[in-house]
Amino acid sequence: MKRALLIGVGAYASEALPELDSPASDLRDWARLLRDPGIGAFDDVRAGLDDDSHTVQVTLYDFLKSAEPHDFLLVYYSGHGRLHEGHRLYLTATDTNPDRLPPTAIPTDELRHWIDECRASELVLILDCCHAGAFGDLKQRGDRSRIVVVSAGATELAHEGDGYRQHALPSAFSGPFLEGLRTGAADRDGNGIISVREAFEYAAVRMVDRERRQTPQMRAAGVGDLILGNAPRRPELIPGDLLALTRNGLPAARVLAVEELSNWAHGKHRSREQLVAVFETLETLERDPAERVAERARQALSGRLRVARAEVAEEPGPAPPGDPNWAAGSTFYEVNVRFFYDSDGDGHGDLRGVTEKLDYLRRLGVDCLLLNPIMASPALGDGRAATDFEAIDEGLGQPSHLLELLSLARRQGLRVVLDLVLNHTSDQHPWFEASRGDPTGPYGNFYVWSDTDEGYAEADDPLGSQGAGWTYDGRRRQYYWHRYGRHEPDLNYDAPEVHAAMRDVMDFWLRHGVDGLRLLTVPYLFERSGTSSKGLDETHNYLRELRSWLDSTYPNRIIVAWSEDWPEGASAYFGTDEHPECHLVTYASLMPSLLLAMRRETHRPVSRVLAQMRDQPGDRHWAVFLRNGDDMPLGLLHERERDELLRAYAPLARMRGATGIRRRTASLLNDDRGQLELAFALLLSLPGVPVVYYGDEIGMGENLSLPGHLAVNTPMQWAPDRNGGFSVAQPENLPAPLIHESIYGYMAVNVENQLRSRSSLLHVVEKLIETRHAWPAFARPGCRIVRSTNPAVLAFLRGEPGDEVLCVFNFSRYPQTTTMDLSSHTGRRPRELMGGAEFPKVQESGEYDLGVAGHGVYWLSLSTTEARPRTR
């Protein structure tokens, strides 16, 4: 058996031993990787955190003594190491007294003796502590193999990771050691397995790169190396030597590559992702300039691979776990793939880049990735106008890369939802070309054509300046209708053929295994003269048909509606109990209302929105956000309110877009930490599903020198390195320039810096998400506004009677006091969720006085029982 014992000590009774934040993180991450059947595949992993010296010694002794001859054992310790009399190493425990080490700590001399006597044939000991190099040498036994890894020399200190408490990173040694295992990067010979030496050498090099001033060491007794685990399948789905052969300059080598690829594809246990990658590679070779290479690739795809190719095309992707209401309590993270992370150095973000950052998203605590449009489109459309609904845009990746993202995301407990623009296509789409050229053909009725340009004069214009209108097409000699730009012709949803075609598009992506689709532009699907042609009854009938089809065909997937409206109007897209429509509905009025509340120092603009968020059936939820990749729309506000926001938050003309303000959350709030923390706390406590836009969690700004909404879509700032850690390409090859100015520039605002800072915005957002997940009240629908005597202070209750959370927000920059009506909670003692502080009991009168700091927030449990968060 493969068995592991993990011991971590971070809390100490003695003030002479500083408390450590990393051991808890070390144990959690070590346990996850060792238990992972695809990496460590350990049969038994035990962990002990913050035990006393007696318990630690007994645990170590029993673990080593009970080993069987064929066992593989791993023992890991994270905590303080102390030297006694200048050379004898002791491992500390919670009750260790540094002045009395022998009776209150674990002597490593004794531990070494237990290891020497242990019957296990293979054993790895990892000591991650100060002075670990003072651990003595093990006995050489011909029938037993032993490896000792120490994180620092005998006279060196070992360092913690960045962060603190629940947010601490693994230690300076365990961090890169685990990184090599988790990513497979330690598998230097590419044989699919990772040895102790490979993981150790990877960690040692990474520690030098990161300027960690400690020198890890590895000692072996009886063997030069031991196998620690499997290397996870990483981006190269096809063996590297085969890929190299396909890129060889000699045509004969590429012909051989076709044969080898074909043979490899017929091997056992090839995954769907691997087979799709083979077909993609062969399709590329079909276009090879050497005719014999192209011909051999065509023969392979039409020959013995033909059946496998057809089966893979029809085979559905991995089905999501069977919870039809999985979105309840989730937190979404919206990603513009082009700007998130470049995995291949071409300058543009891609799907593999998202895959490589899944660990970051898991650490942040989100549950679902919401990917902005990835369908093939011309540059002018920025992904919003498809040239092919069933192809991934050039530069973002291949179908196999999406399948890999879905597979690895699911392993980490993350869902994936795709954006789909329903209303229109690009004017370069084959459907439009066919419609222009053959009015009586199968696609002749796919778009809205007219002999005149006089219809739909009252139609709502979602862009406010360049959208709704007619454009003459000289080829067809008719006008076509477009709600958005002239290069984005509207589909004709009065045609049954369009219904069928768009359902096929949805089926295509759902068969790939995505967990849902966000239907962008859904209010504008139908047009009728004499109306605004927005949110018509025909649209709701269509959504009901979609929902019925989805429930019967893909019962665990969701559809999300996008509505540029107040919640009162947007709620129509939920449908009714008898005729449900969308599972989630997004509205666009929260951020403008929040800014008005901040500006006026009164909660009324926000409580106006909250009052409209009426309870929905259990399988339907609001989707709320602060900012996204578009302009912040102001069209819903009264003219006076709109002018007020423009003067306060967009005083310069370049800050204003066609429909509103083109600035990010942090810059709108002037990078004020109090306001930012209030904004995120409000987002994460409102009913429904919060959506965080990439980069907002670190307070990224915008680049106002860029046109349109590109200003708020700049490369993600990962590190204070070249191109902000986004790409290794030349700066001119990036999809947009990075932000360089001092306040929001990538040197000042980036993930790496904020992971190291205990007070960073990133850590605050992590903590808020973690707390939200821990308390069931936030996952339940609805809320109740609590009467507050101070107009600057908003208070509302989340959850169910007996298990409620009181959320309090002060929209004033100054400290405020308020009296709230908590008459239904008399006798209860509010308890702060994140720190656990208790507040005075609610008196019989029900009136509760509370003081709140400027832009302060409270999340208070009002549970009838002792407040306990749920575990994840």
Side-chain angles (χ1 to χ4, degrees), residues 373 375 377-389 420-502 519-542 562-565 569 630-631 633-636 657-660 707-709:
M375 291 78 179
S377 66
L380 186 61
D382 191 26
R384 307 294 181 97
T387 55
D388 186 345
F389 280 117
L420 173 62
V421 178
L422 283 185
N423 176 73
H424 54 262
T425 69
S426 166
D427 58 2
Q428 299 175 33
H429 197 292
W431 294 351
F432 189 68
E433 291 294 331
S435 187
R436 294 175 65 207
D438 187 4
T440 61
Y443 297 99
N445 201 32
F446 259 53
Y447 296 84
V448 182
W449 294 97
S450 174
D451 292 328
T452 70
D453 60 354
E454 297 176 357
Y456 316 135
E458 304 87 354
D460 184 78
D461 179 0
L463 291 184
S465 62
Q466 64 177 36
W470 294 94
T471 292
Y472 186 74
D473 180 66
R475 185 176 177 189
R476 178 155 166 159
R477 297 184 179 181
Q478 280 186 304
Y479 294 89
Y480 64 86
W481 172 254
H482 50 86
R483 191 69 71 117
Y484 292 84
R486 64 178 58 201
H487 62 282
E488 298 169 328
D490 276 29
L491 288 164
N492 177 21
Y493 276 86
D494 284 317
E497 301 90 340
V498 171
H499 289 210
M502 293 309 292
L519 309 179
L520 300 180
T521 66
V522 74
Y524 307 108
L525 302 186
F526 290 85
E527 305 82 20
R528 294 292 181 267
S529 293
T531 74
S532 66
S533 297
K534 176 182 177 182
L536 300 178
D537 290 343
E538 290 87 343
T539 297
H540 295 289
N541 292 335
Y542 176 69
W562 171 271
S563 173
E564 296 165 343
D565 208 339
D630 298 321
D631 292 351
L634 302 179
L636 296 175
T659 59
H709 58 255

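Throughout, residue positions are numbered sequentially from 1 according to the sequence presented. If you're wondering where the values come from, they're calculated on a predicted model, not measured in any experiment.
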Exercise. Tell me, do Thr539 and Pro523 make a side-chain contact under 4.5 Å, heavy atoms counted?
Worked result: no
For this session: Determine the sole option in Val498, Leu422, Asp490 for which the side-chain contact (heavy atoms from CB on, under 4.5 Å) test with Leu525 is passed.
Result: Leu422
Problem set entry | Closest contact, heavy atoms only, Ala386 versus Thr425 | O-CB, 3.7 Å
Problem set entry | Phe389 side chain reached by Leu420 side chain, heavy atoms, under 4.5 Å | yes
Problem set entry | pair Arg483-Asp460: side-chain heavy atoms closer than 4.5 Å | yes
For this session: For the residue pair Asn492 and Asn445, establish whether any side-chain heavy-atom pair is separated by less than 4.5 Å.
Result: yes
For this session: Mind telling me whether Tyr484 and Tyr524 have parallel, tilted or perpendicular rings, with 30° and 60° as the class edges?
Result: perpendicular
Problem set entry | Nearest atoms (heavy-atom pairs only) where Leu520 meets Pro373 | CD1-CG, 4.3 Å
Seminar exercise, completed: For Ser450 and Thr452 the tightest heavy-atom approach is OG-O, 2.9 Å
Seminar exercise, completed: Separation between CD (Gln478) and CG (Asp453), nearest 0.5 Å, reads 12.5 Å
Exercise. Any side-chain heavy atom of Ser426 within less than 4.5 Å of one from Phe432?
Worked result: no
Exercise. Got a second to check how far Glu488's CD is from Asp427's CG, nearest 0.5 Å?
Worked result: 8.5 Å
Exercise. Any sub-3.5 Å donor-acceptor pair from Thr387's side-chain atoms to Gln428's backbone N or O?
Worked result: no
Exercise. Does the gap between the ring centers of Tyr479 and Trp449 come in under 6.0 Å?
Worked result: no
For this session: Go through the steps for Arg475 and Glu433 under the test side chain to side chain contact (heavy atoms under 4.5 Å, CB included), then give the verdict.
Result: CA-CA 10 Å; Arg475 185 176 177 189; Glu433 291 294 331; 3.4 Å; yes
Problem set entry | Side-chain (Ser435) to main-chain (Gly444) donor-acceptor, under 3.5 angstrom | yes
Problem set entry | Smallest separation among heavy atoms of Gly530 and Glu458, with atom names | N-OE1, 3.2 Å
Exercise. How about Phe526 and Tyr542: do any of their side-chain heavy atoms sit closer than 4.5 Å?
Worked result: yes
Exercise. Do Leu491 and His424 come within less than 4.5 Å of each other through their side chains, counting heavy atoms only?
Worked result: no
Problem set entry | Arg384 and Asp630 ion-paired at < 4.0 Å | yes
Exercise. Between Thr531 and Leu536, which heavy-atom pair has the shortest distance, and what is it?
Worked result: OG1-CD2, 3.8 Å
Problem set entry | Ring-ring centroid check Tyr480 Tyr447, cutoff 6.0 Å | no
Exercise. Hey, what's the ring geometry for Trp431 with Tyr443, parallel, tilted or perpendicular (30° and 60° as the breaks)?
Worked result: parallel
Exercise. Quick one: does Val448's side chain get under 4.5 Å of Trp470's, heavy atoms only?
Worked result: yes
For this session: Would you check, one step at a time, whether the test side chain to side chain contact (heavy atoms under 4.5 Å, CB included) holds for Tyr472 with Arg477?
Result: CA-CA 7 Å; Tyr472 186 74; Arg477 297 184 179 181; 3.5 Å; yes
Seminar exercise, completed: Trp481 and Gly455 have their tightest heavy-atom pair at CZ3-O, 4.2 Å
Exercise. Does the distance from a Lys or Arg side-chain N to an Asp or Glu carboxylate O, for Arg476 and Asp451, drop under 4.0 Å?
Worked result: no
Exercise. Are Glu538 and Arg528 close enough for a salt bridge, meaning some N to O gap below 4.0 Å?
Worked result: yes
